[in-house]
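Taking it in order: structure first as structure tokens, then the write-up.
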Amino acid sequence: MEDIKFAEKQALKYWHWTPSQYDNEDFFEVNEILAAKPADERVQDPKSLIPAGLSDGHVRGGVDLQALINREKERAAKSDKKEE
């Protein structure tokens with residue numbers, strides 16, 4: 001409830017709305033407007049942070065996680081066979 005009153009206070013103070021104007025507006029749209037951030041502060045797609053060429057599946061100087069997973073599966077399968 002406090003957030004609703006604060007949003008109304010901002011509309012009255014900064015947008016120079018009357019209380020009836022605020023009451024007649026779509027509350028959810030007003031909150032979306034108040035929560036809007038400039039482009040540089042918005043959440044970015046994590047894939048956009050990967051340099052070009054590294055997202056094609058080839059490993060260059062890093063750890064190939066899929067190879068590690070496959071190797072661990074092979075080790076587990078071998079140890080299961082030894083226990084039988």
Side-chain angles (χ1 to χ4, degrees):
M1 191 64 158
E2 186 72 25
D3 291 336
I4 295 170
K5 292 296 182 186
F6 182 71
E8 185 172 359
K9 176 184 173 182
Q10 287 182 308
L12 297 174
K13 185 175 180 179
Y14 298 113
W15 296 350
H16 308 288
W17 284 5
T18 64
S20 62
Q21 284 176 310
Y22 184 81
D23 291 339
N24 292 328
E25 285 299 318
D26 179 14
F27 175 74
F28 295 105
E29 184 177 5
V30 170
N31 277 336
E32 287 178 5
I33 293 168
L34 292 174
K37 295 180 180 180
D40 60 335
E41 292 180 18
R42 294 183 201 148
V43 175
Q44 295 182 2
D45 178 19
K47 290 181 181 179
S48 70
L49 301 174
I50 300 172
L54 291 181
S55 61
D56 60 2
H58 295 92
V59 176
R60 293 175 183 84
V63 176
D64 185 353
L65 294 178
Q66 191 60 46
L68 290 174
I69 292 169
N70 291 339
R71 194 175 324 147
E72 189 58 34
K73 286 180 181 178
E74 290 172 6
R75 286 183 189 166
K78 287 179 183 177
S79 68
D80 288 344
K81 286 181 183 179
K82 286 181 183 179
E83 291 177 6
E84 293 176 357

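Sequential numbering from 1 along the given sequence is applied to the chain's residues.
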Do any side-chain atoms of residues 14-22 form donor-acceptor pairs under 3.5 angstrom with protein atoms, and if so which ones, sequence neighbours left out?
| residue | atom | partner | partner atom | Å |
| --- | --- | --- | --- | --- |
| Thr18 | OG1 | Ser20 | OG | 3.2 |
| Thr18 | OG1 | Gln21 | N | 3.2 |
| Thr18 | OG1 | Gln21 | OE1 | 3.4 |
| Gln21 | OE1 | Thr18 | N | 2.7 |

For this session: For Asn70, enumerate each residue passing the side chain to side chain donor-acceptor pair (under 3.5 Å) test, keeping only those at least two apart in sequence or located in another chain.
Result: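 For Asn70 the side chain to side chain donor-acceptor pair (under 3.5 Å) partners, ignoring immediate neighbours, are Gln66.
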Exercise. If you round to the nearest 0.5 Å, how far is CG of Leu12 from NZ of Lys5?
Worked result: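 Here the rounded value is 9.5 Å.
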For [X], give me all partners under side-chain contact (heavy atoms from CB on, under 4.5 Å), at least two apart in sequence or on another chain.
{"X": "Asp23", "result": "Glu8"}
{"X": "Lys37", "result": "Glu41, Arg42"}
{"X": "Glu29", "result": "Asp26, Ile33"}

For this session: Compare every heavy atom of Ser79 with every heavy atom of Ala76, then report the nearest pair and how far apart it is.
Result: O-OG, 2.9 Å
